[in-house]
There are 4 protein chains.
Amino acid sequence: MQFRDSVSIYLQIADYICEKILLKEWKVDERVPSVRELAMQLEVNPNTVMRTYEFLQQQNIIYNQRGIGYFVGTDAIKNATQYRKTEFMDNELPVLFRNMYMLGMDVEELKPRFEKYKKQNFS
Amino acid sequence: MQFRDSVSIYLQIADYICEKILLKEWKVDERVPSVRELAMQLEVNPNTVMRTYEFLQQQNIIYNQRGIGYFVGTDAIKNATQYRKTEFMDNELPVLFRNMYMLGMDVEELKPRFEKYKKQNFS
Amino acid sequence: MQFRDSVSIYLQIADYICEKILLKEWKVDERVPSVRELAMQLEVNPNTVMRTYEFLQQQNIIYNQRGIGYFVGTDAIKNATQYRKTEFMDNELPVLFRNMYMLGMDVEELKPRFEKYKKQNFS
Amino acid sequence: MQFRDSVSIYLQIADYICEKILLKEWKVDERVPSVRELAMQLEVNPNTVMRTYEFLQQQNIIYNQRGIGYFVGTDAIKNATQYRKTEFMDNELPVLFRNMYMLGMDVEELKPRFEKYKKQNFS
DNA sequence: GTGGTCTAGACCACC
DNA sequence: GTGGTCTAGACCACA
């Protein structure tokens, strides 16, 4: 995994996990990787992953069973959507709109492309 | 300026210059900063800026007068739009669409937000 | 400050701060000690105090102004009361009741003593 | 057993033994564990336990038969109650009252909770 | 093995 | 100066 410099690593890991959940790769009550495991895989310090998991637990996206591990929460999809949507609106939309304005584009132009994208990738 | 790791720096500088032109901060036939000047300002090697300018000249976005400097080209806006639009469609739209799909969002949702954005920032 | 072994240090520090607020020693919008300052005073690692402050911010008991410091929140008393009351009910009451049962005491016995205590200490 | 730092260990062991007696786990004239045995179990120095037993003998809570061991005294319950009650009043009540004052609580609030506690744990 | 807490020490951005 | 993040490494309780 490649980390951007502009955002905290632990939040980027949170996004990574939310994506796994939102794309249904990780299902409700399924175990997520252990702190140490994910830390090793992403080549970060276990404390950093711990921080991500604490954060996601707070957002009711994952829950914990002591001595066993972290699991995808019951309302994970709802809560992950809400969390990521806020982030998306605040951070990504302005960049998008700026580009669209610069390029003289309209929202209408996106419509058919979005349909095409969904057909190609998720069906 | 903050550079991402994923794209060549000289292309990121090209984007930066295109933005200046598309947002009408730099007008047709106006002189763009000298290679040394921009290199110093962006804290990169002059060779990198040189590469950007050669690239933009190829795209007919800027032109060169030997011994004097580089200038915004006559059709700069048209050509910059075309160049950036290709990039936007190929690189940024897929990321956007992936997020929108994950979050269960529709293009329609963007419409009023885009209007609001334009009103707030460019009027 | 003396720390018990049974509870996390960062939570004991949280209790300490809640007491300061509940006993009106620290007022709303007043600055609390800086992370480093309190860490030095309590002879713990700054990270531990940082953790306390993050926790208390989450509970809406203190808030943060970047580069300036942490401050007592508007609803600090309400939120601190709620937080500490839960803790009190769950952890301290059972110990109290166990002792009272062992000693054959009744709640009624406490009544006049509590009045006396309040008169002596807070008036 | 977990020892607090603030009180002598031998007194904490005395409390432990009083509890056993007050909760009727150890009956009158029953033999209490030998000094060595209890020291091993609690992982303390036998001298410390010896000190506890001497102290409790002074309080007429246990008595000694040389060469045989220590036994729960005839008036153990009365004397243990008296001993523990003094301690409770002097040390634990002030802490309790301080918390109740801070949290704006009243003795009345404790009444139904105490009843519930007794029902759940001792019936 | 799991998570949870703590220390030491570093570097950063903001004020 | 302030907080915020990250690493490295340690030790603990729980299972």
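Residue numbers start from 1 in every chain, and the chains themselves are labelled A, B, ... in the order their sequence lines are given, proteins ahead of strands.
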In chain order, what residues pass the side-chain hydrogen bond (donor to acceptor under 3.5 Å, both in side chains) check against E43(B), with sequence neighbours excluded? none
List the residues meeting side-chain hydrogen bond (donor to acceptor under 3.5 Å, both in side chains) with R98(B), not counting sequence neighbours, and say none if there are none.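 R98(B) satisfies side-chain hydrogen bond (donor to acceptor under 3.5 Å, both in side chains) with E19(A) only.
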If I compare all heavy atoms of [X] with all of [Y], which pair ends up nearest, and what's the gap?
{"X": "V72(A)", "Y": "K27(A)", "value": "CB-O, 3.3 Å"}
{"X": "R84(C)", "Y": "C18(C)", "value": "CG-CB, 3.9 Å"}
{"X": "V28(A)", "Y": "G73(A)", "value": "CG2-O, 3.6 Å"}
{"X": "Y10(B)", "Y": "T52(B)", "value": "O-OG1, 2.9 Å"}
{"X": "L42(C)", "Y": "F3(C)", "value": "O-CE1, 4.0 Å"}
{"X": "A76(C)", "Y": "I21(C)", "value": "CB-CG2, 4.0 Å"}

Under 4.0 Å, heavy atom to any atom of DNA chain E: which of residues 27-35 of chain A qualify? R31(A), S34(A), V35(A)
Tell me which residues in residues 3-16 of chain A put a heavy atom below 4.0 Å from DNA chain E, sorted by number, or none. none
With a 4.5 Å heavy-atom cut-off, do L93(C) and L110(D) have their side chains touching? yes
Reading DNA chain E from 5' to 3', where do the contacts with chain C start and stop? Cut-off is 4.0 Å to heavy atoms. dT5(E) to dC15(E)
With N91(D) via side-chain contact (heavy atoms from CB on, under 4.5 Å) - residues at least two apart: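 side-chain contact (heavy atoms from CB on, under 4.5 Å) check on N91(D) returns E87(D).
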Hits for side-chain contact (heavy atoms from CB on, under 4.5 Å) against N121(C), two or more places apart or cross-chain, chain-then-number order -> Y117(C)
Find the runs of at least 3 consecutive base pairs, i with j, i+1 with j-1 and so on, that include DNA chain E, using Watson-Crick or G-U wobble geometry with both distances under 3.5 Å.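 In DNA chain E, stems of three or more pairs: E:1-14 with F:1-14.
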Output all residues satisfying salt bridge (Lys or Arg N to Asp or Glu O under 4.0 Å) with R51(C), sequence neighbours left out; order by chain, then residue number. E54(A)
E109(B): which residues meet the salt bridge (Lys or Arg N to Asp or Glu O under 4.0 Å) condition with it, sequence neighbours left out?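 For E109(B), the residues satisfying salt bridge (Lys or Arg N to Asp or Glu O under 4.0 Å) (neighbours in sequence not counted) are K85(A).
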If you draw a 6.0 Å radius around NZ in K118(B), do more than 12 non-hydrogen atoms from other residues or ligands fall strictly inside?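 Above 12, so yes.
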Rounded at 0.5 Å granularity, tell me how far [atom1] in [X] sits from [atom2] in [Y].
{"X": "L96(D)", "Y": "E92(C)", "atom1": "CG", "atom2": "CD", "value": "8.0 Å"}
{"X": "F97(D)", "Y": "M105(D)", "atom1": "CZ", "atom2": "CE", "value": "11.5 Å"}
{"X": "L56(C)", "Y": "N79(C)", "atom1": "CG", "atom2": "CG", "value": "10.5 Å"}

Enumerate the residues from residues 40-58 of chain A whose closest heavy atom to DNA chain F is under 4.0 Å, giving them by residue number; use none for an empty result. V44(A), N45(A), N47(A), T48(A), R51(A)
If you restrict it to nitrogen or oxygen atoms, what contacts under 3.5 Å exist between nucleotides 12-15 of chain F and the protein, and what is each distance?
none

